[in-house]
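As structure tokens, the structure follows; a few thoughts come after it.
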Amino acid sequence: MVNIADPVTQWAFMILVCVVTGTGLLIAVAFFRRWQQIRYLRYVHTLRRKHRPILAKLLSGAQSPSGVEALRELPLADLELLLDPLFSKRKLPERCVVFLQALCAELGLIELWQSRLAHGHAAALQSSGSGAHQVHADRATMRYVLRAKSIRNLGMLRHRPSWPLLVNSLDDRHADIQLVALRSLATLGAPESFAVLRERLHAIAPGKSTSPPLQALQAAMASFDLTCVPALLPSLRHPDHQIRWHATEILRTMVCREAARQPGLALTPELLTPPIVELLLAGLPVDTSAEIRARAAEVIVFLADPRATPVLRNLLLDHLWFVRLRTVRALAHLRQAAAPLHLDIRECLRDDHWRVREAAIQTLLSLGPEGKRQLYEHFLISPDRAAREQIVEVIERTGLMSALVEMYSAGTKGVDALLVEQLASDAAPLGLSGVLRTLNPEIRQRFLDRYLPYAQLIKMMLPEETRPEVERADNLQQVLEFPPCLAA
Amino acid sequence: MSHIRLFLDDGVTVFNLVVLSYFFLGNGIYTILMLLSLRATWVHIRQMTYQGLDALRHSPLTPPVTIIIPAWNEQHVIVNSVRSSLLADYPQLQVIVVDDGSTDMTLDRLVQSFGLVEMDGAYHPSIPTAPVRTHYINPTIPNLLVVSKVRGGKPDALNAGINLCRSPYFCNLDADCLLEHDALLRLMDPIVNSAVETVVSGGIVRILNGCETKNGRVLRVGLPGAWLERFQVVEYLRSFLFGRTGWHLLGGTLIVSGAFAVFHRATVIEAGGFSHDTVTEDMDLIVQLHQWAADNNRKIRMSFTSDPVCWTECPSTLAMLANQRRRWQLGLCQTLWKHSEILFGRKYGIVGWLSFPFHSYVEGLGAAVEFLGYLLIPLGLFLGMVPPGLLLVFILLGFIYGGFLSVGAVLLEELTYRRYPRFRDLLTLLVFAMFENIGYRQLVLFFRFQGVLRFLAGSRRWEKVAHVGAPAEG
């Protein structure tokens with residue numbers, strides 16, 4: 001049936017044979033890899049199970065010369081396998097890092113990793129001597145993986161003397177190595193390396209180069225301590241606005257991170273140096289780039305300087321909405337900075353842009369009783385329904401609505417009570433419907449006991465033509481789905 | 001009579017050439033994609049051993065992300081899906097569920113399970129949508145927002161989610177999907193670490209059937225018991241592990257699963273949001289973004305990473321599978337037709353010259369070519385126009401080459417992620433990979449062909465695949 005002499009058939013047969021062989025090969029490789037993996041995992045498991053007690057003892061700080069000796073007998077490749085899970089951990093306790101660093105130094109691992117970075121993998125094997133030739137065959141083919149792991153480990157161990165090697169790795173031809181080196185430098189936090197990274201920023205930010213990635217460099221620089229901020233001065237003053245922008249962003253991130261760690265953070269000239277403080281007060285807030293002005297606002301709020309208030313007031317009036325947005329958001333961070341600016345923030349509730357209004361509401365709510373009072377007063381007098389809806393939305397989202405209703409039911413007076421009454425009197429009760437439905441029946445009854453006479457009173461007092469189209473009490477009753485007798 | 005014979009002869013010869021070109025082009029490109037993916041996935045796995053996700057997790061510069069879950073009649077799966085999203089390991093996360101006018105208990109289950117209360121939220125649409133009715137929140141779960149809206153279809157629900165989203169990136173997630181703990185971090189990694197503006201980042205969707213789950217988490221990965229689902233496991237591996245990875249490497253990503261992908265919000269809004277024109281809004285958006293970027297001279301990047309995992313339920317009955325595949329094929333044809341100007345368009349680069357033509361011919365038209373091939377080639381044989389021996393060898397080659405590619409996908413899985421830990425699972429996958437092309441492929445082809453016919457008939461029907469809930473919920 002099949003004509004083998006036909007050249008087309010011959011070709012088809014050849015392809016068929018190749019494909020069958022290929023499929024068989026793939027299946028064989030799949031089985032082989034599974035078998036190899038099982039064997040490898042068993043080996044690693046045995047190794048770790050055997051040495052885990054010694055390792056745990058050493059990492060707890062206990063002295064164990066015999067334990068160290070036992071580990072020293074292992075080939076370096078096995079030691080790396082043994083310790084690798086520690087370096088892959090999310091966060092190693094500081095105490096552990098100290099003991100781990102000492103252990104790695106004693107076992108010659110730090111030397112091996114440094115050597116890998118300084119001279120490459122082959123030289124590292126020669127220099128480290130014993131047992132290193134047993135490095136797993138397929139790992140040796142992925143040398144950059146070993147380099148990357150060495151960089152990661154040195155960073156995790158906070159091995160300060162290695163910072164020049166990590167800086168050199170920023171020039172590695174492999175992009176991943178550059179990235180890992182940046183992250184390790186950030187973990188290490190050696191102030192000497194900050195200036196080097198700043199120079200990289202100057203080279204990358206204007207778009208002359210794309211490696212290492214700008215975002216990674218920015219994240220790495222932002223991880224440094226605030227004491228490194230003075231080294232940012234040349235970048236903050238740089239004529240290129242891109243560099244100034246990235247430097248301001250780095251400064252902002254450093255300050256915000258520190259503020260989260262240290263709630264009462266105050267930036268003083270002693271901490272930042274006087275030239276940076278002056279730049280923050282007089283230079284960056286009037287920068288031609290709006291992005292810089294916006295980011296600077298988030299640093300200025302932390303300045304312990306009375307001149308910061310008028311600067312922030314001006315930024316709240318900036319012609320670009322996102323500068324106003326960032327400024328008003330920043331004011332929520334620090335009550336002291338915002339205290340003289342309550343009225344200015346309240347003005348932002350009239351802003352044309354809804355995001356600025358929303359941020360102003362959130363800021364006022366975060367500023368304590370005075371901020372809330374300003375917000376509620378604005379709600380009561382504002383004719384703008386969209387702005388009122390926004391205020392209600394934020395009040396609901398923060399869970400304040402049920403607290404307000406409960407307070408009203410308990411007989412509280414003042415601006416809070418007026419707010420609840422106005423919400424309930426609305427034709428479509430703003431924000432109250434959900435809360436009232438889920439309220440405890442007893443509190444709901446108390447609420448109605450107080451509110452319904454008020455509603456009746458208002459209804460009688462208002463002239464016929466100014467009454468809302470929908471009867472308020474009826475509307476409320478409908479929302480609550482009460483039987484008419486109860487509402488009456 | 002001789003004229004008819006001549007006409008038939010010519011017709012069959014031309015058709016044979018079309019089938020041959022389809023066979024060689026399709027399989028040739030798939031083989032290249034497989035080889036490319038093999039290397040790329042291998043390297044990626046190695047990278048993860050030293051890169052980790054810690055830097056991203058703790059970086060103050062990691063951008064906030066909003067997960068948008070559109071839901072329509074998803075009462076069986078929605079709670080678990082939202083729970084898994086809320087548990088996702090990501091520093092700044094918001095979850096928005098858009099109930100697209102469900103007529104079942106979807107909304108009630110959400111309200112009960114998460115203790116939600118109604119609120120009167122403001123809605124500022126950047127993209128027009130059907131009206132949003134109610135917002136639901138629980139102040140103790142500040143990062144969850146549920147909105148109910150008038151039914152407008154999945155794209156409309158996604159657009160409503162985009163309008164409500166405040167973060168620079170959003171992740172759309174189907175209501176029947178469970179996110180893996182660190183999937184979002186992995187998905188954001190290429191965005192954060194890219195020198196070029198990455199506007200889309202897609203991940204892999206794996207099949208949940210056969211896995212053990214609890215509280216929105218996959219506890220144990222296993223293969224499903226039914227043959228139909230097992231074939232789909234192999235199919236998903238092939239499609240995601242080397243199909244999408246390969247196209248990503250070539251820079252020709254045309255499909256990112258709408259079940260699970262991260263998008264840059266502002267870019268999507270600029271490109272017009274999810275469109276209602278097709279039944280596969282995910283693919284439509286990707287193609288739309290390519291077109292928008294080329295038209296506006298914008299350099300953007302679309303990324304695909306094969307380790308951020310999202311688990312989804314696959315159809316367990318033939319009827320459900322038919323619905324799903326008909327819709328996919330219909331959507332593919334609609335999208336390719338809608339954006340046909342990309343085809344061989346100079347400014348579209350690899351997308352216009354390789355990816356789009358490949359998808360049009362092999363994936364779109366291919367369903368019809370292959371299906372008709374199964375009908376016309378026996379006709380040619382019957383009429384004596386095709387040598388039977390050659391035909392036999394060719395058919396055998398077709399089956400075996402398909403098996404080769406599927407086995408390649410299983411090998412890729414074995415070399416890299418090895419999600420199916422038992423030896424028996426590997427064996428089962430290999431067996432199903434080898435036999436996928438005998439029977440199952442033809443079945444799916446039939447549904448795809450129906451999809452092509454529906455496209456030609458101008459259908460725009462959205463066929464829903466019902467979900468029964470996570471299997472083996474512990």
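Worth saying up front: this structure is predicted, and the values here are computed from it rather than measured. Each chain gets a letter, A, B and so on, in the order the sequences are listed, and its residues count up from 1.
Both the backbone and the side chain of A:R34 come within contact range of chain B, judged by heavy atoms closer than 4.5 Å. Heavy atoms closer than 4.5 Å to chain B are found in the side chain of A:Q37, but not in its backbone. Interface residue B:R166: backbone and side-chain heavy atoms are both found under 4.5 Å from chain A. Contact annotation for B:P421: only backbone heavy atoms (N, CA, C, O) come within less than 4.5 Å of a heavy atom of chain A. With a 4.5 angstrom heavy-atom cutoff, B:F423 touches chain A via backbone and side-chain atoms both. Neither the backbone nor the side chain of B:L38 comes within less than 4.5 Å of any heavy atom of chain A. Looking at B:I137, only its side chain comes within 4.5 Å of chain A, counting heavy atoms on both sides. Contact of B:L405 with chain A is not made at all, since no heavy-atom distance falls under 4.5 Å. Proximity to chain A (any heavy atom under 4.5 Å) is restricted, for B:L430, to the side chain, taken from C-beta onward.
Contacts with chain A were tallied for B:T62, B:T134, B:L145, B:T140; B:L145 has the most, counting heavy-atom pairs under 4.5 Å. Highest contact tally toward chain B, considering only A:E358, A:R355, A:R257, is held by A:E358 [criterion: heavy-atom pairs under 4.5 Å].
Under 4.0 Å is where a charged nitrogen must lie from a carboxylate oxygen, and between A:R252 and A:E249 at least one such pair does. Salt bridge status for A:D352 with A:R357: absent, with no side-chain N to carboxylate O gap under 4.0 Å. Using a cutoff of 4.0 Å between basic side-chain nitrogens and carboxylate oxygens, B:D89 and B:R186 are not scored as salt-bridged.
Under a cutoff of 6.0 Å and an axis angle of 45°, A:R39 and A:W35 form a cation-pi pair.
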Requested in this report: Let me see the working for B:D307 and B:T305 under side chain to side chain donor-acceptor pair (under 3.5 Å), right down to the final yes or no.
Outcome: CA-CA 6 Å; B:D307 63 343; B:T305 324; 5.3 Å; no
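A ring-centre distance under 6.0 Å is found for A:F87 and A:W113.
At least one side-chain heavy atom of B:V221 sits under 4.5 Å from a side-chain heavy atom of B:Y420.
Taking the six-membered ring where tryptophan is involved, the planes of B:Y401 and B:F23 are perpendicular, since the angle between them exceeds 60° and thus also 30°.
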